[in-house]
Amino acid sequence: MNRLDLIIRKGTVVLQDECRQLDIGIRNGKIAALGENLVVSEQTPVYDAEGLTILPGMIDAHVHFNEPSLGHWEGFVTGSASLAAGGCTTYIDMPLNGVPPTVRLSALELKLDAAEGQSHVDYALWGGLVPGNINELEGLAQAGVIGFKAFMSCPGGEGEDIFTEVDDETLVNGMKEIARLGLVLALHAESEEIVSKLAAEAARAGKRSALDFIATRPIAAEVEAVNRALGYAKQTGCKLHFVHISSAEAVQIITEAKVEGLDVTVETCPHYLALTDVEVERLGPLAKCAPPIRTAEDQARLWAELKAGRFDIIASDHSPSPKHMKQGDFFEAWGGISGAQSSLELMLHEGHLRRGVPLPELARMLALEPAKRFGLYPRKGEIAIGADADLALVDLAGSYTLQESDLLYRHKQSPYVGKTFNCSVKATFLRGVKVYERGVGVGASLEGTWLRHSASIGGGLDG
């Protein structure tokens, strides 16, 4: 024990099946010991965690940090700092919003250059599936992307080099190739046919409010796209991950597909569980996203699915922009929510403290399942001997009200400003190094590393 580099003492540790007061011994960035009253030498540094709850660091599988070229929206430095402050130790960055998008090897190299030495926490990267790039997928896979992302509805954006939605032919052929490569396809599942038709009808009628926008993206559009994608998955054998699912109806369809044997996972986001259309009306474009935030009744049904254990992953879908893009006409405003810094606290506040969701169950969705799904496990995802010492230390009685000044985003805006949380992240450790402490802030070092997926070692990691 005298060889330990650090001991975190007397925290309530969230394990896979229980919570126990334990000491955590750390050596060379790994968890080397777990036990009560670990004996160490006088020279071993000790962090007193008595009264705190220790969770595995969150793995946020869905963030948009917009580099290269759009780092003035949000870049790796500010984005990763906000995640560290929120108890997140690993993220997977999406291929769109950067210019060029990560749909070919040269674009991946630009993104890697932008990320190197610029992240406070560890990261992996998604590649993209778009019309015309199927021949690029193998090169991206060999280079180390964690999987691929596609849109079934228009993602928006202007210019020549933007991320575009897939048609059915591209989707099927892309699924065949991704299945051959052994990776996962993440899907934004909304029917473009339904959404564009309803948006055109709203425009002709002069309907421009927040509720009008929500009406143009109904649950039926999500359900249709999910059903269609699952049908293609049966044909191709492609592993699917449905991102930001907003309705219980879609969750139930995906659950049935799992029972039938399809390799499919489902994600939701804290904003669908914490906000309703009432808040969207009040907050305006600040709370605009797609799929949209729905009614209180829809939200209650979503919580029921979560409490029944039917969600695999919770991720932020952090999609930031400059403030001027979140103002004015609701239909024209940027569709994305800045929420990455608050994800873990939101789920502890809304899920555990308000609704009694067990801590191991929240840790499963926030850390363990994303680690397993995207090839990061067993290095990441749980508090266990041999795993990276990625830890979020939380005060479950540490109530505070979020202020704009608390935010570490490049643009300090969030629909949660003014919300009182009945918990707070006190410290975040990445591979045994404290990268954030409440009241002190994020450390100056940028030690986050790229977790390069390596198909050659059976879906493990390099890095």
Side-chain angles (χ1 to χ4, degrees), residues 4-9 11 13-14 23-34 44-47 49 52-61 63 65 75-93 112 115-125 146 315-316 318 340-345 363 366-368 370-371 374-394 408-409 424-452 461-463:
L4 293 176
D5 302 321
L6 173 69
I7 184 167
I8 298 177
R9 184 78 81 185
V13 178
V14 180
D23 297 340
I24 302 175
I26 299 167
R27 181 170 57 244
N28 297 327
K30 302 284 187 181
I31 297 172
L34 287 169
T44 303
V46 174
Y47 187 98
L52 300 180
T53 298
I54 307 177
L55 295 101
M58 180 180 173
I59 298 173
D60 195 337
V63 303
F65 286 166
F76 288 108
V77 173
T78 54
S80 65
S82 66
L83 287 171
C88 178
T89 51
T90 302
Y91 60 93
I92 311 180
D93 187 57
L112 287 170
E116 187 175 3
Q118 298 298 305
S119 183
H120 291 277
V121 296
D122 289 347
Y123 57 94
L125 301 174
I146 214 85
S316 70
H318 179 68
Q341 187 170 325
S342 300
S343 295
L344 178 59
E345 290 175 347
L366 291 164
L368 182 63
F374 305 120
L376 307 176
Y377 184 82
R379 176 175 172 180
K380 306 285 188 181
E382 68 171 332
I383 298 175
I385 291 176
D388 282 359
D390 294 350
L391 308 168
L393 280 60
V394 179
L408 300 185
Y409 311 136
S424 58
V425 173
K426 291 301 183 184
T428 304
F429 286 80
L430 173 71
R431 289 180 271 113
V433 176
K434 186 171 60 179
V435 292
Y436 168 80
E437 187 156 26
R438 188 168 182 83
V440 177
V442 176
S445 63
L446 293 160
E447 299 297 329
T449 61
W450 176 33
L451 304 174
R452 177 185 179 273
L461 293 172
D462 290 344

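Predicted, not measured: the structure shown is a model, and the values here were computed from it.
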Exercise for the section: Spell out, as yes or no, whether a donor-acceptor pair under 3.5 Å connects the side chain of Gln341 to the backbone of Leu408. Expected result: yes

Fill in the blank from the handout: Residue set satisfying salt bridge (Lys or Arg N to Asp or Glu O under 4.0 Å) with Asp60, at least two apart, ordered chain then number -> none

Handout entry: Distance, nearest 0.5 Å, that separates CG of Leu112 from CH2 of Trp450
Key = 4.5 Å

Completion exercise
CD1 of Ile7 to CG of Asp23, rounded to nearest 0.5 Å, is 4.5 Å

Practice task
Using salt bridge (Lys or Arg N to Asp or Glu O under 4.0 Å) as the criterion, list what pairs up with Glu437, not counting sequence neighbours.
Solution key: Lys434

Problem - Pairwise side-chain contact, Leu6 with Phe429, heavy-atom cut-off 4.5 Å (strictly under) - result: yes

Handout entry: Heavy-atom pair with the smallest gap, counting every atom of Met58 and Cys88
Key = O-SG, 3.2 Å

Exercise for the section: Using atom types as modelled and distance alone, determine if a side-chain donor or acceptor of Ser119 lies under 3.5 Å from a backbone N or O of Ser80. Expected result: no

Practice task
Could I get the full list of salt bridge (Lys or Arg N to Asp or Glu O under 4.0 Å) partners for Asp93, not counting sequence neighbours?
Solution key: Lys111

Exercise for the section: Answer yes or no: is there a side-chain heavy-atom contact under 4.5 Å between Ile26 and Tyr47? Expected result: no

Practice task
Taking ring-ring contact (aromatic ring centres under 6.0 Å, His included) as the test, write out the residues that go with Tyr436, two or more places apart.
Solution key: none

Handout entry: Heavy-atom side-chain contact between Leu376 and Pro370 under 4.5 Å
Key = no

Exercise for the section: Side-chain contact test, heavy atoms from C-beta onward, threshold under 4.5 Å: evaluate it for Leu34 versus Ile24 and give yes or no. Expected result: yes

Handout entry: ring pair (Phe, Tyr, Trp, His ring centres under 6.0 Å) between Tyr91 and His318, intermediate numbers included
Key = CA-CA 11 Å; Tyr91 60 93; His318 179 68; over 10 Å; no

Handout entry: Short side-chain to backbone donor-acceptor contact, Gln118 and Leu446, under 3.5 Å
Key = no

Handout entry: salt bridge (Lys or Arg N to Asp or Glu O under 4.0 Å) involving Arg438 - partner list, sequence neighbours excluded
Key = none

Fill in the blank from the handout: Residues Gly57 and Thr89: closest non-hydrogen pair is CA-OG1, 3.3 Å

Fill in the blank from the handout: Between Val435 and Ala84, the two heavy atoms sitting closest are CG2-CB, 4.2 Å

Problem - Pairing residues for Thr78 by the side chain to side chain donor-acceptor pair (under 3.5 Å) criterion, not counting sequence neighbours - result: Glu74

Fill in the blank from the handout: Looking only at heavy atoms, the pair that brings Ala392 and Gly87 closest together is CB-O, 3.6 Å

Handout entry: Any side-chain heavy-atom pair of Lys380 and Asp122 under 4.5 Å
Key = yes

Completion exercise
For Ala81 and Val442, the nearest pair of non-hydrogen atoms, with its separation, is O-CG2, 3.6 Å

Practice task
Taking Asp388 for its side chain and Lys30 for its backbone only, find out whether a donor-acceptor pair lies under 3.5 Å.
Solution key: no

Problem - Flag side-chain contact, heavy atom, 4.5 Å: Tyr377 against Glu382 - result: yes

